[in-house]
Colleague: 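Pasting a structure below so you can have a look.
Note on naming: letters A, B, ... go to the chains in the order of the sequence lines (proteins, then strands), and numbering restarts at 1 for each one. Quick caveat: nothing in here was measured; it's all calculated off a predicted structure. Because only heavy atoms are used, hydrogens play no part in the values below, and waters and symmetry mates are left out as well, while side chains stay in.
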Amino acid sequence: MTHQHGLECKDLMNHLNDYIDGELDDELCGKIEAHIESCPNCKIVVNTLKKTIQLYQDDGERVTLPLDARHRLFEILNLDEDADLEK
Amino acid sequence: MSETNNTETLNLEALHKKDKRTFALLVDQNSDHIYRLALKLTGNTQDAEDVVQETFIKAFNNLEKFEGRSKVSTWLYRIATNESLMMLRKRKDGITHIDEGIETDEGEVMPIQIVDWCCLPEKEIMTAETRQMLKQAALQLSTSNRAAFLLRDVEGLSTQEAAAALDISESALKVRLMRARMQLREVLSEYFANRMAEEDL
């Protein structure tokens, strides 16, 4: 789809990564935002893409190395596990 | 997003001298991050533990080669990513990847699913079933795209750091990241579209 501001959906896809990561210059960023506002499909793609990344960042799981694996690791490396307590 | 670690406070000279206390601090500050990355790359707790061990053994044996041009955490991520990919190559577990399907003949990534699932209430989005689906979807990415996504979006490395960790150019990193993000968006969109359809029945 082409819109009044001259940017096509395809152009948006080419810059989508940089747009999401805030790595575009102001002018291009403005054009992309104008396109998104006038193109319902692109708006959905941008919003669901942002949400996808956010879900992976906030999945609520606090993954840590299991304690027994940590013990084994320090043992294999011949390190003192309590060294960090002296910080 | 992962929390910031404090590895930059470590003394480089002490690391080069293989000072045990300094190395213990490095292990302490980075082992959870490395384990999380390895677990999400390999999808297997035992493999992830093995990767953590191998990563720190290799790091210790090569401390004098670490020049301090990148963060020490980036250097560790690089070793851990290589170890994880090696582990996956050995395993050859026959997972079907979802790389195909969203690229045009010209190699451009185009979206297929146009479903607005952002409107779903937050508590309905993040369920135990969703968490499982997120894990499975990430494991279906090709290993190189998965590594780019995990380092950049989940572990929170910058484009430059993630590219350094994978030993590829920043533009190559961006291509992999775009594919991974769009592929995951497709899987999530299909999943939530089905859930929305079920709720309407």
Side-chain angles (χ1 to χ4, degrees), chain A residues 1 8-24 32 35-36 39-87, chain B residues 1-2 9 20-25 27-29 31-36 39-40 45-46 48-49 52-53 56-57 60 104 108-111 113-120 125-126 130-131 134-135 137-138 149-150 152-154 156 159 174-175 177-178 181-182 184-189 192:
Chain A
M1 198 186 294
E8 291 186 30
C9 301
K10 205 174 86 172
D11 299 324
L12 179 124
M13 289 304 138
N14 290 337
H15 297 294
L16 194 49
N17 241 12
D18 288 339
Y19 172 68
I20 296 246
D21 291 332
E23 293 177 0
L24 286 182
I32 283 180
H35 177 89
I36 291 168
C39 181
N41 284 358
C42 282
K43 191 170 189 171
I44 289 174
V45 171
V46 170
N47 287 342
T48 51
L49 185 59
K50 283 182 181 171
K51 190 75 182 172
T52 296
I53 297 166
Q54 187 210 322
L55 287 182
Y56 275 95
Q57 290 171 343
D58 307 333
D59 70 0
E61 279 198 319
R62 180 82 186 94
V63 178
T64 55
L65 182 66
L67 268 184
D68 54 341
R70 183 190 148 89
H71 293 320
R72 280 196 298 277
L73 176 64
F74 275 78
E75 202 174 289
I76 282 173
L77 295 167
N78 194 21
L79 297 173
D80 179 5
E81 261 193 87
D82 296 324
D84 61 310
L85 299 176
E86 297 162 24
K87 275 188 283 190
Chain B
M1 183 87 59
S2 65
T9 60
K20 289 266 183 178
R21 186 172 170 274
T22 308
F23 192 70
L25 285 174
V27 174
D28 204 51
Q29 290 170 348
S31 54
D32 285 342
H33 295 275
I34 298 298
Y35 177 69
R36 187 167 55 221
L39 182 59
K40 291 182 175 178
T45 53
Q46 187 55 57
E49 288 176 22
V52 172
Q53 275 191 14
F56 286 108
I57 289 170
F60 187 78
T104 63
E108 289 165 338
V109 177
M110 292 303 283
Q113 297 278 344
I114 309 288
V115 182
D116 189 5
W117 48 269
C118 291
C119 54
L120 282 168
I125 288 185
M126 194 48 97
T130 304
R131 284 198 186 89
L134 291 174
K135 278 184 201 165
F149 176 74
L150 292 175
R152 182 73 180 85
D153 283 341
V154 180
T159 301
K174 284 183 178 185
V175 169
L177 184 62
M178 179 66 174
R181 286 172 167 179
M182 291 297 278
L184 292 173
R185 194 203 73 88
E186 291 296 328
V187 177
L188 267 63
S189 294
F192 286 117

Colleague: Which region of A:I76, side chain (C-beta onward) or backbone (N, CA, C, O), has a non-hydrogen atom less than 4.5 Å from a non-hydrogen atom of chain B, or is it both or neither?
Modeller: side chain

Colleague: Tell me, side chain or backbone of B:I57 under 4.5 Å from chain A's heavy atoms, or both, or neither?
Modeller: both

Colleague: Taking the side chain as C-beta and beyond, is there a heavy-atom pair between A:D11 and A:H35 under 4.5 Å?
Modeller: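 No, side chains not in contact.
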
Colleague: Is it the side chain or the backbone of B:I34 that comes within 4.5 Å of chain A heavy atoms, both, or neither?
Modeller: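 Nothing of B:I34, per the 4.5 Å heavy-atom cut-off to chain A.
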
Colleague: Quick one: does A:Y56's side chain have a donor or acceptor within less than 3.5 Å of a partner on B:L134's backbone?
Modeller: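 Yes; at least one donor-acceptor contact below 3.5 Å.
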
Colleague: Restricting to salt bridge (Lys or Arg N to Asp or Glu O under 4.0 Å), what partner residues turn up for B:R181, sequence neighbours left out?
Modeller: A:D21, B:D153

Colleague: Would you mind checking which part of A:D18 comes under 4.5 Å of any heavy atom in chain B, side chain (CB onward), backbone (N, CA, C, O), both or neither?
Modeller: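 Contact with chain B involves the side chain of A:D18 alone.
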
Colleague: Any side-chain donor paired with an acceptor under 3.5 Å for B:S189 and B:W117?
Modeller: yes

Colleague: Would you indicate whether the side-chain heavy atoms of A:L73 and A:L79 approach each other to under 4.5 Å?
Modeller: no

Colleague: Among A:K43, A:R72, A:M13, single out the residue with the greatest number of heavy-atom pairs under 4.5 Å to chain B.
Modeller: A:M13

Colleague: Under a 4.5 Å cut-off applied to non-hydrogen side-chain atoms, are A:K50 and A:Q54 in contact?
Modeller: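 Not in contact.
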
Colleague: Which answer fits B:L39, side chain, backbone, both or neither, if we ask what part of it has an atom under 4.5 Å from a heavy atom of chain A?
Modeller: side chain

Colleague: Let's test your reading of the structure: which of A:I20, A:L77, A:N47 forms the most heavy-atom pairs below 4.5 Å with chain B?
Modeller: A:L77

Colleague: Less than 4.5 Å to any heavy atom of chain A: does that hold for the side chain of B:T45, its backbone, both, or neither?
Modeller: neither

Colleague: What part of B:A48 lies closer than 4.5 angstrom to a heavy atom of chain A: side chain, backbone, both or neither?
Modeller: neither

Colleague: Does one side chain, of B:R185 or A:T52, offer a donor that lies under 3.5 Å from an acceptor on the other?
Modeller: no

